[in-house]
Structure formats: C-alpha cells, structure tokens
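These notes concern the structure reproduced below.
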Protein chains: 2
Amino acid sequence: MTLKQSYGIGELAREFDVTTRTIRFYEDQGLLTPRRRGQTRIYSPADRVALKLILRGKRLGFSLAESGDLIRLYQPTGDNRQQLGALLEKIEEKRTQLQQQLVDIQIMQQDLDAAEERARQALKELEESDV
Amino acid sequence: MTLKQSYGIGELAREFDVTTRTIRFYEDQGLLTPRRRGQTRIYSPADRVALKLILRGKRLGFSLAESGDLIRLYQPTGDNRQQLGALLEKIEEKRTQLQQQLVDIQIMQQDLDAAEERARQALKELEESDV
DNA sequence: GGGGAAGTTTACGTTAACGTAAAGTGGCCT
DNA sequence: AGGCCACTTTACGTTAACGTAAACTTCCCC
C-alpha cells in the first residue's frame, strides 16, 4: 500500500491533534484548499503536508501568515525574474531567522544545564543535612 | 569599568528595541521587579537579564508565562525536596521542547534548501530561454 | 423512520500581548 | 517663570488564533 490520497477533516484532526474548527480556520486564512464532495471537504496529501508545515511553524512561534509564506515557497509557481528574486530573498530571510533560533536554543539549553546543576546541588545538600 | 548596575526604562527600551509600555507590561505580569526611586523605576542587572530571557523566549514562540517559568528556574530559591523535584521535572520538560524545536528547525532548513534549489533552477531556465 | 455520528455554516466570545491616548509629575535649562 | 523632556498612572482599543454555541444536512444503522 502506497500513500492515502485523500483525507477527511476528522481524520486529519485526530492525526495531528487539532480541532476541526482549527482546520477550517486555516482554510479561511487561505492556508488549506480542500476540494469538495457535495459540501464535505476532501483533503489532498498536499493539504496534509501544508497542515504539517503549519503546525511545525507554530512550534517555532511562526504566525499563520508566516507559515502561509512558507507554504507558498513550496508551491511551484510559474514565476518571472522579479518574483523569483523576491522569493530568494524571503528564503534567505527565513534562513537568518532559523539561525537566530538555533543560537537561542543553544543558550537556553545551557541555562537549563546550569539550573539543573544548581537544583541537584541543593538536593544533595538537603540529603546530607538530614542523616 | 565593570558592569553598569542600574538602568532606566528608556535605556533598556532602546537597548532591546522594545517600547517602555512593553517593559511596564512585563512588570505587570510579574516578570520584572524594578525598585523605585521616587516613583521612577530603576532596573537591576538581574532585571536586564530577565528581559533578555523574555525576548529570547519570544523569538522561540514562548508565552510570557513560560518565560516567567524560565526566570524562576534561574532564581536560587530556598526550596524543599517537593519543589526541587517539580523544578527538575520542569527543566526536563523544557529540554524536550527545545529538542523538538531543534528537529523542526532542521526540517525547515532542508525545506528552504529545496525551495531555493527549485527557484535557482527556474531562474536558470529563464536565462537560457532568452538568449 | 428514528436516532446517532460526522459533517456544514454563521456568528458571537475569549485570551495574550501589547498599542494608543489622556492627563499628570519631576527635573533641568535658560 | 516657562518649556521641554522623560517618566508616571489609568483606561480603553486592537489583532491573532482559535473556542463555543446554535441550527442545519447527510448518511448509516437497526
């Protein structure tokens, strides 16, 4: 069995642990574009990938608008030089941002190391004082 | 010259490129605790560090409440075993979150690589088509 | 054919993180 | 004394990202 090629809204909601309201909201914001069977939404694998990207973005503090940008970076658009240039700029910009986040994470990890060390030390001293 | 040991609100605002309103708001949320001279706020180096931490947190999508937790992790608190245990748990939790963010960043960087590659390819094809 | 279960639309409500405006205080300069 | 900063408090306004509720259709099951 290869990939499923369509998904229901509840199905996606369960898989990614979000509400259907959230998924519809993302469509409202133009981030998802399911087709319809009757009035029921049918999601493509591309929609599923987009949703994944949105949630990944959220974990990094991206706004929905920013995730929208990322999604569009991904869609092969028959573009002219102008647009392609702007696109390359956006990519570079995001790259810089991710770099900064990497630095931030490293500093925080060091902070956590220090905090843990102090906590363990405090615990140790408690142990030693009540024989 | 060692470190400055007190800062005005405007001074901090300029240094970190935030408004004074923002700094006062953080105090309102219990994240900063400046002393007063008259009714004017005077910030300590510890306040300055806390502010730095908050802004770093923001870049990673942390809420002010989460950053508040982090600040408290940093303050040496005469704690009992209960609290120290809880503290260690919180630290571990944050560590897990940072790990996830690292993974997210790596995936996004790869996505950006791919997007850039496609853009450059599209540009190349445009160049070749208009001799 | 009655009743879930899962889908839909419409619309008002909510929270976080500030922005913005108004009105006042204190110091310093000329 | 007048004026201009930089600071203060109070309070209402705003945006993003959904939550929540109501009222409706569709399909399936027994």
Side-chain angles (χ1 to χ4, degrees), chain A residues 4-44 47-48 50-72 94 97 101 104, chain B residues 4-44 47-48 50-72 94 97 101 104:
Chain A
K4 264 194 95 167
Q5 85 262 25
S6 80
Y7 309 85
I9 191 170
E11 194 175 353
L12 287 181
R14 274 187 303 278
E15 176 176 2
F16 294 108
D17 194 33
V18 296
T19 68
T20 59
R21 171 68 172 97
T22 294
I23 295 181
R24 289 193 197 99
F25 178 72
Y26 292 162
E27 177 180 356
D28 222 64
Q29 302 305 108
L31 305 179
L32 300 177
T33 53
R35 63 181 202 279
R36 301 281 185 133
R37 182 166 52 207
Q39 82 170 351
T40 301
R41 279 165 254 251
I42 310 285
Y43 296 87
S44 72
D47 286 320
R48 185 170 166 282
L51 179 52
K52 228 171 172 173
L53 199 150
I54 295 169
L55 299 177
R56 180 153 51 232
K58 283 203 63 178
R59 288 195 298 272
L60 292 174
F62 287 30
S63 70
L64 294 186
E66 286 178 304
S67 292
D69 288 349
L70 290 182
I71 291 175
R72 263 166 264 129
K94 284 297 164 192
Q97 185 182 345
Q101 290 189 291
D104 287 332
Chain B
K4 261 193 98 168
Q5 84 262 26
S6 81
Y7 309 85
I9 191 170
E11 193 176 354
L12 287 182
R14 274 188 303 278
E15 176 175 2
F16 294 110
D17 193 34
V18 297
T19 68
T20 58
R21 171 69 172 95
T22 295
I23 296 182
R24 290 194 197 97
F25 179 73
Y26 292 162
E27 177 179 356
D28 222 64
Q29 300 308 106
L31 305 180
L32 300 176
T33 53
R35 64 182 202 278
R36 301 279 185 135
R37 183 168 50 207
Q39 83 171 350
T40 301
R41 277 164 256 251
I42 310 285
Y43 296 88
S44 72
D47 285 321
R48 186 170 166 281
L51 180 53
K52 228 170 171 173
L53 199 151
I54 294 169
L55 299 177
R56 180 154 50 232
K58 284 204 61 177
R59 288 196 297 272
L60 292 174
F62 287 30
S63 71
L64 294 186
E66 287 178 303
S67 292
D69 287 352
L70 290 183
I71 292 175
R72 263 165 266 128
K94 284 297 163 192
Q97 185 183 344
Q101 289 189 291
D104 287 331

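Each chain gets a letter, A, B and so on, in the order the sequences are listed, and its residues count up from 1.
Listed in residue order, the members of residues 16-32 of chain B having a heavy atom less than 4.0 Å from DNA chain C are Thr19(B), Arg21(B), Thr22(B), Phe25(B), Tyr26(B).
Here the CZ-CD1 distance, from Arg41(B) to Ile23(B), works out to 10.0 Å after rounding to the nearest 0.5 Å.
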- [ ] Show your working on side-chain contact (heavy atoms from CB on, under 4.5 Å) between Leu70(B) and Phe62(B) and close with a plain yes or no.
- [x] CA-CA 10 Å; Leu70(B) 290 183; Phe62(B) 287 30; 3.7 Å; yes

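Of the possible polar contacts, none joining the Gln29(B) side chain to the Leu64(B) backbone as a donor-acceptor pair under 3.5 Å is found. Listed for the Asp47(B) side chain is a donor-acceptor partner under 3.5 Å among the backbone atoms of Thr33(B).
At a threshold of 4.5 Å between non-hydrogen side-chain atoms, the residues Ile71(A) and Ile54(A) count as touching. Residues Glu27(A) and Pro34(A) are in side-chain contact: their nearest non-hydrogen atoms beyond the backbone lie under 4.5 Å apart.
Residue contacts for Arg36(A): at a heavy-atom cut-off of 4.0 Å it reaches the sugar-phosphate backbone alone, with no base atom in range.
No more than 12 heavy atoms of other residues, nucleotides or ligands sit less than 6.0 Å from atom CD of Gln5(A). Around atom CZ of Arg37(A), no more than 12 heavy atoms belonging to other residues, nucleotides or ligands sit under 6.0 Å away.
Checking Gln39(B) against Leu64(B), the closest nucleotide of DNA chain C that is more toward the 5' end is the one next to Leu64(B).
In this structure, CZ of Arg14(B) is placed 12 Å from C1' of dC5(D), rounded to the nearest angstrom. Going from atom CZ of Arg37(B) over to atom P of dA6(D) covers 16 Å, rounded to whole Å.
The footprint of chain B on DNA chain C, defined by a heavy-atom cutoff below 4.0 Å, extends from dA17(C) to dT20(C).
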